[in-house]
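Note sheet for the following structure.
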Amino acid sequence: MDRNIHMENQFEDLRAQLHIDCGKCCGLCCTALYFSKSEGFPSNKKAGKPCPNLLSDFRCKIHSQLSQEGLKGCIAYDCFGAGQKVTQMIYSGSAWKTMPPDRAQEMFDVFIRVYQLHQILWYLIEALSLTAAQKHKNELKGLILKIQTTVGNSPADICSFDIEAYRKRVNHVLKEAGDSVGESVGGNKTGKLD
């Protein structure tokens, strides 16, 4: 049984870009997304409306009290670096507050799609770091490069990208990689995105 299941891969720098940097974002998660008080957020909020705790500089008014307030949804949320990618790279540092409503809505839509793609990207990079998944490395690399290309495109191209069809391809490869890992450690575990 192979106990050394992880290895370094060429996408470690890319994985580092999937960490949240709220200081380089314009409060996209606090504005673009719907959230519910019952899920550990401050209040019920419609998508596209700013959280009442979002300050004019895009910081959170109650950030230091999230634990005391029991706001598990806010604490646990991870955009996988989509916020800073959309704000700084795709919209060149512009904020939704300075845009016409239709352009702001476009930015929210792009954020949600980039968030989904970055989440998938995290799984692909993780799979590529598994020693037993190396027989699938070309497919994994191809899927990673497709995300890199897609999130480097225009907002219109990002919004028209068929994420569901792409997710099906990713699920197939992750399942095969998971089967390989399961076999190498003596089990039969599989990997799949929901």
Side-chain angles (χ1 to χ4, degrees), residues 11 14-61 63 71-125 142-171 173-174 192-194:
F11 295 103
L14 183 58
R15 186 199 308 256
Q17 295 173 29
L18 301 180
H19 294 286
I20 295 173
D21 187 347
C22 297
K24 292 183 178 175
C25 181
C26 60
L28 287 171
C29 66
C30 303
T31 309
L33 304 175
Y34 157 83
F35 53 71
S36 166
K37 189 169 185 172
S38 66
E39 295 171 341
F41 292 96
S43 61
N44 294 331
K45 185 190 81 63
K46 291 182 180 181
K49 301 290 181 190
C51 173
N53 295 308
L54 185 65
L55 298 170
S56 61
D57 64 357
F58 304 116
R59 292 185 311 152
C60 175
K61 179 168 53 176
H63 184 74
L71 300 177
K72 297 175 186 171
C74 294
I75 294 167
Y77 181 75
D78 189 335
C79 77
F80 294 92
Q84 68 258 23
K85 174 76 173 185
V86 171
T87 303
Q88 299 301 323
M89 304 298 290
I90 298 172
Y91 287 90
S92 304
S94 296
W96 57 268
K97 281 179 20 176
T98 64
M99 298 176 180
D102 59 333
R103 182 86 164 140
Q105 184 58 54
E106 175 195 78
M107 188 181 203
F108 300 153
D109 294 342
V110 168
F111 167 71
I112 290 167
R113 287 176 165 272
V114 172
Y115 160 69
Q116 292 172 333
L117 289 168
H118 276 202
Q119 186 179 44
I120 294 169
L121 185 58
W122 186 91
Y123 282 105
L124 291 169
I125 293 170
L143 290 166
I144 289 169
L145 293 173
K146 180 65 175 174
I147 291 179
Q148 288 184 285
T149 301
T150 301
V151 299
N153 286 336
S154 69
D157 289 339
I158 293 169
C159 287
S160 66
F161 182 71
D162 188 347
I163 291 180
E164 290 314 309
Y166 179 75
R167 194 186 309 269
K168 286 180 184 175
R169 287 178 53 209
V170 169
N171 278 341
V173 175
L174 288 181
K192 185 175 182 258
L193 290 177
D194 292 329

For a quick test of reading the model, state the closest non-hydrogen atom pair linking N44 to K37 and the distance between them. OD1-N, 2.9 Å

Contact check, side chains of V170 and Y123, non-hydrogen atoms, under 4.5 Å: no

Rounding to 0.5 Å, atoms CG (L18) and CD (Q119) come to a distance of 10.5 Å

Taking side chain as C-beta onward, heavy atoms only, is Q148 less than 4.5 Å from L145? yes

Would you give the length of the straight line joining atom NE2 of H118 to atom CG of L124, rounded to the nearest 0.5 angstrom? 12.0 Å

More than 12 heavy atoms of other residues, nucleotides or ligands under 6.0 Å from NZ of K45: yes or no? yes

Consider side-chain contact (heavy atoms from CB on, under 4.5 Å). Of C60, C30, P42, which one does L54 pass it with? C30

S160 side chain to D157 backbone, donor-acceptor under 3.5 Å: yes

Could you list the residues that satisfy ring-ring contact (aromatic ring centres under 6.0 Å, His included) with Y77, not counting sequence neighbours? Y115

From L55 CG over to H63 NE2, what is the distance, rounded to the nearest 0.5 angstrom? 12.0 Å

Do F41 and S36 make a side-chain contact, defined as non-hydrogen atoms from C-beta onward lying under 4.5 Å apart? no

Mind running side chain to side chain contact (heavy atoms under 4.5 Å, CB included) on L121 and F80 for me, showing each step along the way? CA-CA 9 Å; L121 185 58; F80 294 92; over 6 Å; no

Write down the atom of L117, the atom of I147, and the distance for their closest heavy-atom approach. O-CD1, 3.3 Å

Calculate, to the nearest 0.5 Å, the distance between atoms CG and CD1 belonging to L33 and I112 respectively. 5.5 Å

Distance (rounded to the nearest 0.5 Å) between D162 CG and R169 CZ: 10.5 Å

Minimum heavy-atom separation for I158 to R113, with atom names? O-CD, 3.4 Å

Run the numbers on Y91 and E106 for side chain to side chain donor-acceptor pair (under 3.5 Å), then give the verdict. CA-CA 11 Å; Y91 287 90; E106 175 195 78; 2.7 Å; yes

Under 4.5 Å between any side-chain heavy atoms of T150 and V114, yes or no? no

Restricting to ring-ring contact (aromatic ring centres under 6.0 Å, His included), what partner residues turn up for F161, sequence neighbours left out? Y166

Would you indicate whether M89, at its atom CE, is surrounded by more than 12 heavy atoms from other residues, nucleotides or ligands within a distance under 6.0 Å? no

Nearest heavy-atom approach of S43 to F35 is O-CD1, 3.3 Å

Do the non-hydrogen side-chain atoms of K85 and C79 ever get within less than 4.5 Å of each other? no

Closest heavy-atom contact between F58 and A95? CZ-CB, 3.7 Å

Looking at C26, is its backbone amide N or carbonyl O close enough to the side chain of W96 to form a donor-acceptor pair, meaning the two atoms are under 3.5 Å apart? yes

Would you check if V86 and M107 make a side-chain contact, meaning some heavy-atom pair closer than 4.5 Å? yes

If you compare all heavy atoms of R15 against all heavy atoms of H19, which two are closest, and at what distance to 0.1 Å? O-CD2, 3.9 Å

Report, as yes or no, whether the 6.0 Å neighbourhood of atom NZ on K168 holds more than 12 heavy atoms from other residues, nucleotides or ligands. no

